Amino acid sequence: MRILLTGAGGQIGHDLIGTLVAAGHEVTPTDLAPRPPSHAHAGGEWQRLDVTDAAAVTKLFTEVRPELVFHLAAILSARGEADPRLAYDVNQTGTWNVLEACRALHVGRLIFTSSIAVFGPPPSGPLPDPTPDDVPLHPTTMYGVTKVSGELLCAYYRARHGVDCRGVRFPGLISAAMPGGGSSDYALFMYVDGVRKGAYEAFARADTRIPLMYMPDGVRALLELAMADRERLTRTIYNIAAMSPRADEIATSVRRLLPDAQFTYKPEAVRQGILDSWPKALDDAAARRDWGWAHAYDLDAMTDDLVPRVRRMLELGATLNTH
Ligand code: AKB
């Protein structure tokens, strides 16, 4: 199958490209920046693409003629609060441009990556715990606002133009790869700095609890949803869940493998505010029912797999900064 990825230089692209290439697909990873060295192993014919440039999106889609598109390009929550205009351009206009190209060129299927950031505390009180798919959406970030809009645009293009758009609301994703401006990054840095420095001061409180997922589960969710029969899907966008540990529970899990690692907590106002606005856990019953979604990794299984991978990544000289 001919598959095109936008935003392939990010954390999801790092693992998704390799999986698609290994499965024998003809993959075109695209991003604004050249292929990062961390993605060198993944394969595919890398192309430069700025999703905010409608003409460039149409031109590349016309050349590649993808049958399936994974739309990953996005400015995440924390970076989006620092530069809301950029977040609006990439997430809102970029999604519009990709949907328009899919409509005009009759792309078979589009996978949209939404996020728990679509949720926020409703005026009536706290979010239900766990939070189901259908609650009023009150995002507190520009990232969340544009993801809500992207979800609605997907449903609109599907109903109005027959574009087979479907998507997941991702929890915070954790993997041995460079994260990019997310509020959930504290969780990954507990592993990275736990390994390389033996210590990490988290920008979140010890009792912070949000939905998290290990990347192999996240990649599998995208592939399973992409291949699911349309007739079985009762929704356009699905909650998917795996685990919801508190920050200090992640520390305990990491210390099983790194007993000397020290974790301290110094909440930073903006990112803590974002984290507190998100659900503590997601109800993903619809995904489990419609397309058989089931996570494989709980917290300790993720830790056991991830710590050696982070070690290897650091030995290979990856340049990760602590945010
Ligand atoms: C972020 O922290 O902004 C992202 C997300 C949860 O969508 N990782």
Side-chain angles (χ1 to χ4, degrees), residues 6-7 9-16 70-84 86-88 90-92 94-95 111-121 127 130-131 137-151 167-192 202-205 208-215 217-219 221-222 237-245 247 250 267-282 284 295 302 306 320-323:
T6 70
Q11 199 192 357
I12 300 174
H14 179 271
D15 287 31
L16 180 58
F70 289 94
H71 179 36
L72 311 176
I75 301 297
L76 300 186
S77 58
R79 185 160 172 227
E81 290 315 280
D83 194 344
L86 178 67
Y88 186 88
V90 173
N91 303 358
Q92 180 82 32
T95 297
I111 307 303
F112 181 66
T113 46
S114 190
S115 160
I116 51 171
V118 298
F119 297 108
L127 284 163
T131 302
L137 299 178
H138 293 275
T140 61
T141 60
M142 180 58 81
Y143 172 63
V145 168
T146 57
K147 285 295 180 190
V148 172
S149 166
E151 291 188 358
V168 292
R169 289 178 179 147
F170 269 131
L173 287 167
I174 303 182
S175 63
M178 173 75 105
S183 304
S184 62
D185 292 355
Y186 69 93
L188 173 55
F189 280 112
M190 296 180 88
Y191 290 88
V192 173
F203 55 76
R205 284 190 318 270
T208 302
R209 187 162 81 88
I210 61 163
L212 295 172
M213 181 176 286
Y214 191 34
M215 187 63 84
D217 275 339
V219 164
L222 289 179
I237 307 291
Y238 288 87
N239 283 359
I240 52 169
M243 60 184 108
S244 280
I250 302 174
E268 185 253 293
V270 173
R271 281 182 288 188
Q272 185 68 60
I274 294 171
L275 293 164
D276 288 342
S277 76
W278 289 347
K280 298 196 181 316
L282 291 183
D284 61 357
H295 69 279
M302 174 176 76
L306 183 57
L320 276 154
N321 300 315
T322 299
H323 294 277

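We count ligands from 1, going down the list as the structure has it; atoms in each ligand are counted the same way. What you see below is based on every heavy atom in this structure, not just the backbone, and it leaves out hydrogens, waters and symmetry mates. What you see is a predicted model, and the numbers here were worked out from it, not measured in a lab.
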So which protein heavy atom does [atom] come closest to, and at what separation?
atom                   : result
atom 8 (N) of ligand 1 : Ser184 OG, 2.9 Å
atom 3 (O) of ligand 1 : Ser77 OG, 2.6 Å
atom 2 (O) of ligand 1 : Ser183 N, 2.7 Å

Give the atom numbers and elements of ligand 1 that come within less than 4.0 Å of a heavy atom of [X].
X      : answer
Trp278 : 1 (C), 2 (O), 3 (O), 6 (C)
Ser115 : 5 (C), 6 (C), 7 (O)
Leu76  : 3 (O)

*asked:* For Lys280, is there any backbone N or O sitting under 3.5 Å from a side-chain donor or acceptor partner on Ser244?
replied: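 Yes.
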- Item | Backbone N/O of Ile75 and side chain of Asn91: donor-acceptor pair under 3.5 Å |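 Confirmed, Asn91 side chain pairs with Ile75 backbone.
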| request: Have a look at ligand 1 and work out which part of Ile116, if any, has a heavy atom under 4.0 Å from it: side chain, backbone, both or neither. | output: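 Side chain only.
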What one should report as the nearest heavy-atom pair of Ser184 and Gly172 is OG-CA, 3.5 Å
In short, Ala117 meets Thr141 closest at the heavy-atom pair CB-OG1, 4.4 Å
- Are the side chains of Pro279 and Leu127 in touch, meaning some heavy atoms are under 4.5 Å apart? yes
Salt bridge or not between Arg205 and Asp276? Use side-chain N to carboxylate O under 4.0 Å.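 The answer is yes: the pair qualifies as a salt bridge.
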